[in-house]
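Reviewing the structure listed below.
Labels below follow one simple rule: chain letters A, B, ... track the order of the sequence lines, proteins then strands, and each chain is numbered from 1.
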Protein chains: 2
Amino acid sequence: MIEATAIDAVLRTLADPTRRAIFERVVSSDEITVVELTRGSGVTQGAISQHLKSLKQAGLVAERPEGRNVYYRAQPEGLAPLADWMSHYGVFWRERFANLKTLLEEIDP
Amino acid sequence: MIEATAIDAVLRTLADPTRRAIFERVVSSDEITVVELTRGSGVTQGAISQHLKSLKQAGLVAERPEGRNVYYRAQPEGLAPLADWMSHYGVFWRERFANLKTLLEEIDP
DNA sequence: AAAATACATTAGTAGATACTCATTGATTAG
DNA sequence: CTAATCAATGAGTATCTACTAATGTATTTT
């Protein structure tokens, strides 16, 4: 089955452990290059670039080329579809409040 | 790369659109049987059972056999690893508050 | 200019996985 | 008892995907 929704892209992208680890490292560091991400990753540089491409297409990271380096940084908005999905289908949260998103907006408008 | 953490199981399980749709239907209905889930799903009963097995192993659904029917219901706690992960790596949320989980516990202890 | 570095991309491959079809076990209906 | 229904499971298959290895393209260094 083929779907192309935002939540689909985000979940499929984060489902892979290697790719998720890359995302976590990007989040943890302000900006980080491909070589740095490659070091200690256990996979080749090519694999890292492929994963970054997926993350970029899912809207989870953004790039900033500078010279021969490319600096990657996390794109927080990319997680919004996941947050929305959680608020819709996350019974756990819905049981506690009517709508998590609404609550958050009330707290921090 | 092989990992067996809770967040890994949850994300991998929800990554598949068909399986996620099943989960969403289980969440929406209080309790639902396999035949009901099969109807309008576009896949066979066997496929549904296989997906339910995955969802069960991920802790996202629970079953209640009754006669020859098996009623499935959502298991809200199963989404906790995802919520935890969001609070750790969801920059979007972290930028707004130090820790989402802490906040939620303060509101509803 | 030549060598080196950073990154992207391609082709090819091995393994994962989502599916169908068929079968089985169990329960209920006629 | 027999037939029908519900669900789980196994075998087989086609597709997807994460990876390596190799190559290409810039850019920087020497």
- Task: Ignoring backbone atoms, establish whether A/Thr18 has a side-chain N or O less than 4.0 Å from OP1 or OP2 of D/dC19.
- Result: yes

- Item | Nucleic acid contacts of residues 43-50 of chain A, taken as heavy-atom distances under 4.0 Å to DNA chain D | A/Val43, A/Thr44, A/Ala47, A/Gln50

- Task: For atom CZ of B/Arg64, decide whether the heavy atoms of other residues, nucleotides or ligands shown that lie under 6.0 angstrom number more than 12.
- Result: yes

- Query: What integer distance in Å separates A/Gln57:CD from C/dA8:C1'?
  - Reply: 13 Å

- Angle by which the axis turns from one end of the helix from C/dA1-D/dT30 to C/dG30-D/dC1 to the other, five pairs per end, to 10 degrees: 10°

- Message: With no hydrogens and no angle check, just 3.5 Å: does a side-chain donor-acceptor pair link A/Ser49 and A/Gln45?
- Response: yes

- Message: Between C1' on C/dT5 and CD on A/Glu36, what's the gap in Å once rounded to a whole number?
- Response: 14 Å

- Derivation of the side chain to side chain contact (heavy atoms under 4.5 Å, CB included) call for A/Thr33 and A/Thr38: CA-CA 9 Å; A/Thr33 64; A/Thr38 303; over 6 Å; no

- Is the side chain of B/Arg19 donor-acceptor paired with the backbone N or O of B/Ser54 at a distance under 3.5 Å, no angle test? no

- 5' priority, DNA chain D, between A/Gly67 and B/Glu63 [closest heavy atom]: B/Glu63

- A/Leu11 has an atom CG; how far is it from atom P of D/dC16, in whole Å? 19 Å

- Message: Taking the side chain as everything from C-beta on, heavy atoms only, tell me whether B/Thr18 gets closer than 4.5 Å to B/Phe23.
- Response: no

- With rounding to the nearest 0.5 Å, note down the distance linking CD1 in A/Ile48 to NE2 in A/His51. 6.5 Å

- Can you figure out which of C/dT9, D/dC19, D/dA8 approaches the side chain of B/Val34 most closely? D/dA8

- Item | Value in whole Å for how far the P atom of D/dT17 lies from NZ of A/Lys53 | 14 Å

- Give the rounded distance in Å between these two atoms: CD of A/Glu31 and C1' of C/dA6. 16 Å

- Message: From NE2 of B/His51 over to P of C/dT20, roughly how many Å is that when rounded to an integer?
- Response: 9 Å

- Item | Under 3.5 Å: donor-acceptor pair, side chain of B/Ser28, backbone of B/Arg25 | no

- Grab the CG-P distance between A/Leu55 and D/dA18 for me, whole Å please. 11 Å

- Out of curiosity, B/Thr5 OG1 to A/Arg20 CZ, how far, rounded to the nearest 0.5 Å? 5.5 Å

- Task: Report yes if at least one side-chain N or O of A/Tyr72 is closer than 4.0 Å to OP1 or OP2 of C/dA6; otherwise report no.
- Result: no

- Task: Would you mind reading off the distance between B/Arg68 atom CZ and D/dA3 atom P, rounded to a whole angstrom?
- Result: 16 Å

- If we only count heavy atoms from C-beta on, is the A/Tyr71 to A/Glu66 side-chain gap below 4.5 Å? yes

